[in-house]
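Here's the structure, in structure tokens; my notes come after.
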Amino acid sequence: MKLLDSAREGLRRDRVFDFMLPPPNFSEDLDTRHGPILYVEDVSVSFDGFRALNNLTLYINDGELRCIIGPNGAGKTTMMDVITGRTRPDSGSVWFGQNIDLLRLSEHQIAQGGIGRKFQKPTVFEHLSVFENLELAMASDKRVWPNLWFRLTGEQRDRIDEILQLVRLTDHARRRAGALSHGQKQWLEIGMLLMQNPRVLLVDEPVAGMTFEETERTAELLTSLAGRHSVIVVEHDMAFVRSIARTVTVLHQGSVLAEGSMDAVQNDPRVIEVYLGE
Amino acid sequence: MLLQRLLSHDRGGQILLVLLLAVMVLVPVLNLAVPADSPFHLSTTTVTLLGKYLCYALLALALDLIWGYCGILSLGHAAFFGLGGYAMGMYLMRQIGDRGVYGNAELPDFMVFLNWQELPWYWLGFDQFWFAALMVVLVPGLLAGIFGYLAFRSRVTGVYLSIITQALTVALMLAFELNSMGFGGTNGLTDFKEILGAPITADSTRVALCVASALMLALAYLLCRAIVTSRYGRIVLALRDAESRTRFCGYKVEHFKLWLFVFSAVLAAIAGALYVPQVGIINPGEFKPLNSIELVVWVAVGGRATLYGAVAGAFSVNYAKTWLTSVYPEAWLFALGALFVLVTLFLPKGLVGVVATLRQARADGSLQRNWQRLASRFGVPTKGEQP
């Protein structure tokens with residue numbers, strides 16, 4: 001029966017298959033006139049019966065810095081997976097601006113289109129130098145053939161130097177990325193995101209394993225990025241969240257529990273219950 | 001200019017190319033110009049053996065490109081080597097003409113023996129060298145393309161990918177063993193007479209094939225080097241270490257893997273095509289899983305992700321094999337197994353790694369200190385020692 005249904009679905013004539021559609025032109029199609037740059041609506045995801053996301057609805061405004069907190073298993077990482085195309089939701093819709101449907105794009109298209117993602121565990125290319133890491137992340141033609149003949153232009157070199165300065169790795173440019181400290185790797189990864197010229201930055205636990213001073217500098221960096229980019233930060237460190245947050249969203253069991261300023265959220269009885277237990 | 005750019009910071013590659021150039025010059029001179037009774041004469045057997053090793057080295061280079069740089073451990077590279085060999089073998093079969101045992105100009109001997117009446121369609125065109133050469137590249141390239149497309153698109157990686165590549169070569173072996181396939185069954189294709197009009201056993205042909213193999217290896221080395229030093233090469237290296245990071249940088253990882261896999265398969269096929277006229281036979285034994293595993297051992301012994309290391313590994317392991325199988329034939333498989341275990345345990349970077357460590361030790365003086373310590377323990381006087 002299921003086979004028949006899927007066959008019927010495939011033969012429907014009132015729709016166009018995803019692969020037939022032209023890829024969206026991100027710079028032209030991206031429309032944020034109504035405010036939000038990211039519309040996550042009624043998204044549900046389940047893994048083997050476990051509902052990781054449960055009718056999650058979330059709007060992120062253009063240029064906003066948003067913190068997302070929640071206990072373990074609240075669906076924070078799954079939400080990022082859905083936005084970046086790694087996981088396809090069972091139902092719901094995700095739009096980038098008003099007219100780009102992210103659910104029919106693949107990971108690399110979404111990344112090229114301007115949604116950058118930093119992983120929970122710092123992930124850099126350990127065998128390449130810091131400079132080369134940034135060079136690979138740079139927004140450029142990402143197809144196979146042009147990359148065989150690629151030569152760095154002066155302008156691109158300047159851009160890399162600029163980012164190196166911003167993430168304070170200028171002195172380490174020639175070092176192997178694998179030899180950097182944990183905090184430096186986190187910074188390099190943020191630098192790599194910035195090389196992609198993203199409109200939205202998804203940052204998963206940016207200060208995990210950082211010293212107090214590094215944490216402070218990261219807070220500074222992220223707040224300075226907001227405005228030009230929309231930044232979504234998932235973090236456990238409450239002090240850090242308090243230091244950067246304007247709006248905080250609390251996730252619990254796959255849906256939004258509370259949203260508002262840090263103070264409002266912290267005094268919300270439901271949030272207290274979830275965090276402190278019954 | 002281009003050569004300089006490719007080979008700067010690549011001492012191993014420079015040495016390799018000089019050696020290959022020496023082979024290209026010295027082999028013809030020592031075999032053809034030096035009289036047979038001179039001590040400097042290079043026998044034709046040695047020339048053929050050298051040519052065979054050069055083909056193995058090319059195959060090892062192909063594997064190193066995808067295993068060392070891209071992390072795809074293919075346990076089926078012998079499949080592409082074999083297919084390239086078969087395409088060349090089919091051309092050589094057609095060149096036999098009516099000089100076969102049955103004297104049938106239309107059909108190869110094994111088809112006459114099977115009582116076939118006409119040439120199967122897939123043998124058509126193989127009497128032309130250019131067509132066979134095209135097929136050497138096209139058939140394995142296409143197979144690698146389809147196989148790779150399906151495997152990489154489904155994101156099959158690691159040990160699962162290794163297993164299905166192994167399955168691929170086993171499947172080909174079983175298929176080629178069938179008489180009804182029309183590739184000579186378990187006997188394969190042999191009894192070749194001439195290649196491009198030159199008698200295949202003549203000294204000059206052997207020398208030409210050896211030189212062609214050396215030339216091809218040099219060319220392939222430069223091509224591989226051009227690939228790994230390009231931005232494409234850095235992306236491939238990046239996806240080996242952190243595939244999802246590469247994906248989230250906006251690269252369509254599957255395509256990068258696929259093209260490298262196809263290129264590597266084509267190199268392996270060319271190696272096979274050069275190999276067959278030199279050994280004079282191609283049969284389904286070339287598809288044996290063991291061959292692919294031996295190939296992995298060559299690369300592991302030489303040192304991964306250096307390219308020249310793969311060449312060094314292919315030469316040293318095959319030399320050891322030639323020597324050991326003539327002195328003590330039963331021991332070879334045990335030696336191969338032991339070699340693999342020892343290299344993985346103690347020399348993760350292979351011979352190239354050993355050389356690099358020694359150079360490093362010599363540069364900072366620790367080699368000399370260790371040597372003196374060792375020498376003084378056994379009471380051997382050394383130069384720098386004070387009584």
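Given the structure is predicted, the values throughout are model-derived calculations rather than measurements. Convention: sequence-line order gives letters A, B, ...; per-chain numbering from 1. Just so you know, these numbers use all the heavy atoms, side chains as well, and skip hydrogens, waters and symmetry mates.
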Counting heavy-atom pairs under 4.5 Å with chain B, the top scorer among Glu189(A), Met195(A), Met192(A) is Glu189(A)
Hey, could you give me the OH/CH2 distance between Tyr232(B) and Trp149(A), rounded to the nearest 0.5 Å?
12.5 Å
Top of Pro198(A), Ala111(A), Gly178(A) for chain B proximity - count of heavy-atom pairs under 4.5 angstrom:
Ala111(A)
Residue Leu193(A) versus chain B: region with a heavy atom under 4.5 Å:
side chain
Is there a side-chain contact between Thr123(A) and Phe248(B) (heavy atoms, below 4.5 Å)?
no
Which atoms form the tightest heavy-atom contact between Tyr251(B) and Leu136(A), and what is the distance?
OH-O, 2.5 Å
Which atoms of Leu128(A) are under 4.5 Å from chain B, going by heavy atoms: the side chain, the backbone, both sets, or neither?
side chain
Under 3.5 Å, side chain of Lys252(B) to main-chain N/O of Ser106(A), donor-acceptor pair present?
no
May I ask you to test the Arg234(B)-Phe125(A) pair for a side-chain heavy-atom distance under 4.5 Å?
no
Under 4.5 Å to a heavy atom of chain B? For Arg143(A) that would be backbone
Using non-hydrogen atoms and a 4.5 Å limit, figure out which bit of Thr229(B) sits close to chain A: side chain, backbone, both or neither.
neither
Gap between atom CZ of Phe256(B) and atom NZ of Lys142(A) - 0.5 Å precision:
9.0 Å
Is atom CH2 of Trp259(B) surrounded by more than 12 heavy atoms (other residues, nucleotides or ligands) closer than 6.0 Å?
no
Note: Gln196(A) and Cys249(B) closest approach over all heavy atoms is NE2-CA, 3.7 Å
Please say whether more than 12 non-hydrogen atoms of neighbouring residues, nucleotides or ligands are located less than 6.0 Å from CZ in Arg175(A).
yes
Given heavy-atom pairs under 4.5 angstrom as the criterion, report whether the side chain, backbone, both or neither of Ser140(A) touches chain B.
side chain
Between Lys118(A), Met138(A), Arg86(A), the one whose heavy-atom pairs under 4.5 Å with chain B are most numerous
Arg86(A)
Verify the neighbour count for atom OH of Tyr149(B): are there more than 12 heavy atoms of other residues, nucleotides or ligands below 6.0 Å?
no
Need one label for Gln109(A): side chain, backbone, both or neither, based on atoms under 4.5 Å from any heavy atom in chain B.
neither
Any donor-acceptor N/O pair, Glu107(A) side chain to Ser244(B) backbone, under 3.5 Å:
no
Determine yes or no for a side-chain-to-main-chain donor-acceptor pair under 3.5 angstrom, with Arg231(B) supplying the side chain and Glu135(A) the backbone.
yes
Segment of Ile235(B) engaging chain A (4.5 angstrom heavy-atom cut-off):
both
Heavy-atom pairs under 4.5 Å with chain A: which of Ala226(B), Gly233(B), Ala238(B) has the most?
Ala238(B)
